[in-house]
Number of protein chains: 2
Amino acid sequence: MDAALRAIADDSRRTMLEALASGPATAGELAALLPIARPGVSRHLRVLREAGLVEVRQEAQRRVYSLRPQPLAEVDDWLTRHLAMWEHRLDALHTEIARGTRARKDTP
Amino acid sequence: MDAALRAIADDSRRTMLEALASGPATAGELAALLPIARPGVSRHLRVLREAGLVEVRQEAQRRVYSLRPQPLAEVDDWLTRHLAMWEHRLDALHTEIARGTRARKDTP
DNA sequence: CTCTTGTGTACCCCAACAGTTACGTACCCG
DNA sequence: CGGGTACGTAACTGTTGGGGTACACAAGAG
């Protein structure tokens, strides 16, 4: 999950994922719509592959990449769960404060 | 949203956020439970503050940081929306493939 | 067996960043 | 007014990571 999170923290890689969302594409096609050269794209694809976010299918000389959203679903799960906890915690704090912040000084 | 995503891609900063989830804490307290020195923590806090993930309240000489989950909620939204789209897209591709991948060769 | 195409890898460069120590600053206490 | 405390910032350093160029390599085309 950590790898996936770090992977999507990069702009270029997010763009590549969004492109792959419209269907599988070869490395060259992905490179065509990015402002960076092919080798750079190749390296980005390696990161995405190692994070489990894409998978490759060798088709003659072409390497066709396709999306694999599972790891992102895990990230989403993690975020959703933690957000729920945190927001709940914050609500509790706010009502506690509303009931009187003075209590703080009584418990150093 | 981008800033928040980059911010939580870092291990130390995620740890700090999780600590803050149990209630506000001072910079020193946060530094105490991390393996890095206070100045480093201070800079991490700056990143989190600029991403809108925490807010500060000056209390005498102490600076009390508290969680502000809104930006994370935006990240979660983004992820959820895109995941829904992508998984839907993948399902469509799979059924299309099930119906016969031969069609591919007919439309070069 | 060459030649071209499509990709990945090796190597180098540079910018960004995490971490450190040293220092400045604001605040309460006496 | 000192003096200690809790921070942040400045300056420096080592490491990481993205970018490019040059090259290696597999596979179909001829």
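All values below come from the heavy atoms of this structure, side chains included, with hydrogens, waters and symmetry mates left out. We name chains A, B, ... by the order of the sequence lines, and we start the count at 1 in each one.
- Here the P atom of nucleotide C:dA10 and the CZ atom of A:Arg46 are 7 Å apart, to the nearest Å.
- When rounded to the nearest whole Å, the span between CE of A:Met16 and C1' of D:dG18 equals 13 Å.
- One finds no salt bridge joining A:Glu18 and A:Arg14 here, because no Lys/Arg side-chain nitrogen approaches an Asp/Glu carboxylate oxygen to under 4.0 Å.
- Side-chain contact between B:Val54 and B:Leu17 is present, with heavy atoms from C-beta onward closer than 4.5 Å.
- A 4.5 Å side-chain heavy-atom check between A:Asp2 and A:Arg6 finds at least one atom pair inside the cut-off.
- Listed candidates were C:dT9, C:dT20, C:dC28. Nearest to the side chain of B:Pro39 is C:dT20.
- Distance A:Arg38 CZ to D:dG19 C1': 15 Å, rounded to the nearest Å.
- When heavy atoms are screened at a 4.0 angstrom cut-off, A:Arg6 is found touching no nucleic acid atom at all.
- Contact check for A:Leu5 versus B:Leu5: side-chain heavy atoms found under the 4.5 Å cut-off.
- Residues A:Leu67 and A:Leu53 form no side-chain contact, since every pair of their non-hydrogen atoms from C-beta on lies 4.5 Å or further apart.
- Phosphate proximity of D:dG8 to B:Arg63: present, with a side-chain N or O under 4.0 Å from OP1 or OP2.
- Regarding B:Arg49, its CZ atom lies at a distance of 11 Å from the C1' atom of D:dC7, rounded to whole Å.
- Put simply, CG on A:Leu34 is 9 Å from P on D:dG19, counting in whole angstrom units.
- The phosphate of C:dG8 (OP1 or OP2) has a side-chain N or O of A:Tyr65 nearer than 4.0 angstrom.
- Note: CG (B:Asp10) to C1' (C:dC17) measures 10 Å, nearest angstrom.
- An OP1 or OP2 oxygen of C:dT9 is reached within less than 4.0 angstrom by no side-chain nitrogen or oxygen of A:Ser42.
- Residues A:Gln58 and A:Ile36 both approach DNA chain D. Their nearest nucleotides, taken by heavy-atom distance, put A:Ile36 toward the 5′ side.
- Residue A:Gly40 is out of contact with every strand shown, counting any heavy-atom pair closer than 4.0 Å.
- With hydrogens and angles ignored, a donor-acceptor pair closer than 3.5 Å exists between the side chain of A:Arg43 and the base of D:dG19.
- Distance from the side chain of A:His44 is smallest to D:dG18 among D:dG18, C:dT21, D:dC7.
- The separation between B:Asp11 atom CG and C:dG19 atom P is 10 Å, rounded to whole Å.
- Looking at the side chain of B:Thr26, the nearest of the listed nucleotides D:dG18, D:dC7, C:dT20 is D:dC7.
- In this structure, B:Arg57 atom CZ and D:dC7 atom C1' are separated by 16 Å, rounded to whole Å.
- Between B:Ser12 and C:dA18 there is no side-chain N or O to OP1 or OP2 distance below 4.0 Å.
- Residues A:Gln61 and A:Ala27 each lie close to DNA chain C; by heavy-atom proximity, the contact nearer the 5' end of the strand is made by A:Gln61.
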